[in-house]
Amino acid sequence: MATDFWAGYISGAVGIIIGNPLDVIKVRLQAGGSYADVSPAHLSRFEKAKSLVRGAAAPILGYGALNAILFVAYNRSLIALDGSVTDPTNPVGVSPYKIWLAGAVGGLASWTVSSPTEFIKCRAQLDRRPEVSSWAVAKDVFRTRGWRGLYFGGGITSARDSIGYGFYFWTYELCKRFMTSDDDGSHQAAMKILLCGGIAGVATWGSVFPLDMIKTRLQAQTITDHSLRTAESQSLLRQQGQILNSFQIAKETYRVEGIKAFYRGFGVCSVRAFIVNAVQWAAYEWLMKSFNHSWDPQVKTQESTAL
């Protein structure tokens with residue numbers, strides 16, 4: 001377990017560090033209203049460049065753990081679903097539907113970490129007060145809502161993660177199979193991992209982006225600084241002080257803004273998803289090989305004999 005746990009943790013943290021600036025823009029576009037103005041001129045008026053790393057602390061810590069749980073749960077689920085699997089990182093001959101199901105189980109298992117992490121990240125990224133940090137948001141949520149408050153929006157987050165990660169692993173493995181050739185060198189193999197990882201990231205977000213938009217708006221309702229909202233966003237997110245549920249947000253968003261609102265920010269998200277997941281999969285595969293090599297007793301015995 002230690003191998004895939006730490007490979008997942010480190011690769012997840014690396015992915016967040018790379019992708020957080022674009023994630024800030026994606027979240028603000030999804031939230032709509034006054035949040036959606038992410039032009040350079042507007043950014044310079046209310047915050048400095050450090051805003052593009054806003055909310056990064058929670059996902060760096062949380063997403064590392066999330067990614068670790070995700071890969072461990074996926075690997076164990078795939079072995080349980082298909083007894084012939086000996087190496088989950090290379091499930092040759094395994095049915096695609098089993099890969100999707102194992103990914104969905106992994107996504108569902110990661111919900112315990114992803115739900116509070118996403119909530120804190122979303123709140124921190126949308127709050128434009130410069131002194132607000134992920135830690136400040138977490139303390140505020142716990143003070144006003146308790147432990148259960150950290151899982152606000154947990155239902156739609158779990159649905160997003162389960163469906164999305166099913167397609168994540170499914171797309172990655174199918175892409176690798178289509179691109180496999182017998183004469184792959186180390187350079188070709190590395191490029192294949194980068195490309196397949198990037199494609200898997202884009203496919204994942206394409207499958208769940210409307211759910212992610214609803215989740216963002218659901219969680220944005222908990223920000224109490226109403227002065228930052230336009231009349232349109234006030235009407236959309238709250239009606240007479242009432243918190244809307246996921247279905248009500250979807251219905252109201254479609255009525256006011258149409259179907260395009262459900263995919264606002266998808267372009268930015270796709271660019272981010274390709275870059276982040278290309279690097280993340282490359283880091284994960286490299287770390288798995290490095291850890292297995294350094295911890296393999298047979299390899300150590302051969303190296304000692306050679307010396």
Side-chain angles (χ1 to χ4, degrees), residues 7-31 36 38 52-56 58-60 62-64 66-71 74 99-100 103-104 106-107 110-111 113-115 117-118 121-122 125 156-176 178-179 190-217 219 260-286:
Y9 193 103
I10 296 170
S11 62
V14 169
I16 283 296
I17 292 171
I18 294 172
N20 196 74
L22 289 176
D23 190 55
V24 174
I25 296 173
K26 186 265 291 183
V27 168
R28 291 181 177 177
L29 287 171
Q30 287 180 323
V38 292
L52 293 180
V53 296
R54 172 136 336 139
I60 286 175
Y63 197 73
L66 181 156
N67 217 49
I69 295 171
L70 171 67
F71 278 94
Y74 166 75
I99 292 174
W100 188 95
S110 68
W111 167 83
V113 175
S114 69
S115 187
T117 298
E118 282 283 318
K121 174 182 72 71
C122 180
Q125 289 176 341
I156 194 166
T157 302
S158 65
R160 182 203 67 171
D161 289 351
S162 183
I163 296 170
Y165 283 119
F167 283 107
Y168 184 59
F169 289 100
W170 180 81
T171 304
Y172 181 71
E173 291 301 333
L174 286 187
C175 184
K176 282 176 64 178
F178 288 141
M179 296 182 64
M191 291 303 296
K192 180 177 71 176
I193 291 172
L194 288 169
L195 182 58
C196 290
I199 292 173
V202 175
T204 299
W205 281 108
S207 68
V208 296
F209 200 77
L211 290 176
D212 189 64
M213 185 281 294
I214 296 170
K215 177 203 72 69
T216 295
R217 295 200 176 189
Q219 295 176 333
K260 290 183 179 180
F262 291 91
Y263 288 92
R264 185 179 295 137
F266 182 64
V268 172
C269 181
S270 296
V271 173
R272 172 189 174 276
F274 189 93
I275 296 171
V276 168
N277 288 283
V279 174
Q280 189 168 288
W281 268 110
Y284 176 77
E285 297 261 10
W286 180 80

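Everything numeric in this text was worked out from a predicted model, so none of it was measured.
- In this structure Y284 satisfies the side-chain hydrogen bond (donor to acceptor under 3.5 Å, both in side chains) test together with N75, sequence neighbours excluded.
- When every heavy atom of V202 is checked against every heavy atom of A273, the shortest pair comes out as N-CB, 4.0 Å.
- Here Y172 pairs with W281 under the ring pair (Phe, Tyr, Trp, His ring centres under 6.0 Å) rule; sequence neighbours left out.
- The salt bridge (Lys or Arg N to Asp or Glu O under 4.0 Å) search around E173 returns none, not counting sequence neighbours.
- Listed by first then second residue, pairs satisfying salt bridge (Lys or Arg N to Asp or Glu O under 4.0 Å) with a partner in residues 198-212 read K26-D212, R160-D212, not counting sequence neighbours.
- The SG atom of C196 lies 10.5 Å from the CZ atom of F178; values are rounded to the nearest 0.5 Å.
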Inset, instruction - In sequence, state the C-alpha distance, the side-chain angles, and the governing distance for L66 and T117, and then conclude on side-chain contact (heavy atoms from CB on, under 4.5 Å). - result: CA-CA 9 Å; L66 181 156; T117 298; 5.5 Å; no

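- When all heavy atoms of F169 and L70 are compared, the pair lying nearest together is CE1-CD1, 3.8 Å.
- Rounded to the nearest 0.5 angstrom, I69 CD1 and S110 OG are separated by 7.0 Å.
- For A203, the side-chain contact (heavy atoms from CB on, under 4.5 Å) partners at least two apart in sequence or on another chain are T171.
- For the pairing with M179, the side chain to side chain contact (heavy atoms under 4.5 Å, CB included) check across L195, I199, L174, I193 returns one residue only, L195.
- For the pair N67 and G8, the tightest heavy-atom approach, listed with the atom from each and the gap, is ND2-O, 2.9 Å.
- Partners of A159 under the side-chain contact (heavy atoms from CB on, under 4.5 Å) rule, at least two apart in sequence or in another chain, do not exist in this structure.
- For Y165 and F71, the ring centers are positioned 6.0 Å apart or more.
- F209 meets the ring pair (Phe, Tyr, Trp, His ring centres under 6.0 Å) test with F266; sequence neighbours excluded.
- By the ring pair (Phe, Tyr, Trp, His ring centres under 6.0 Å) test, F274 pairs with no residue at all, sequence neighbours left out.
- Using a 4.0 Å cut-off between charged nitrogen and carboxylate oxygen, K192 and E285 do not count as a salt-bridge pair.
- R217 and A261 get closest at one heavy-atom pair: NH2-CB, 4.5 Å.
- Taking both residues in full, the closest heavy atoms of Y168 and N277 are given as OH-OD1, 2.9 Å, listed atom of the first, atom of the second, then distance.
- Residues passing the side-chain contact (heavy atoms from CB on, under 4.5 Å) test with I156, sequence neighbours excluded: L211, I214, K215, L218, S246.
- Residues A7 and S11 share a closest heavy-atom pair of O-OG, 2.8 Å.
- Scanning for side-chain hydrogen bond (donor to acceptor under 3.5 Å, both in side chains) contacts around S115 gives an empty result, with sequence neighbours left out.
- In this structure, SG on C122 lies 8.0 Å from CD on Q30, to the nearest 0.5 angstrom.
- Among residues two or more places apart in sequence or in another chain, the side-chain contact (heavy atoms from CB on, under 4.5 Å) test is passed with S207 by F167.
- The structure places CH2 of W170 at 11.0 Å from SG of C175, a figure rounded to the nearest 0.5 Å.
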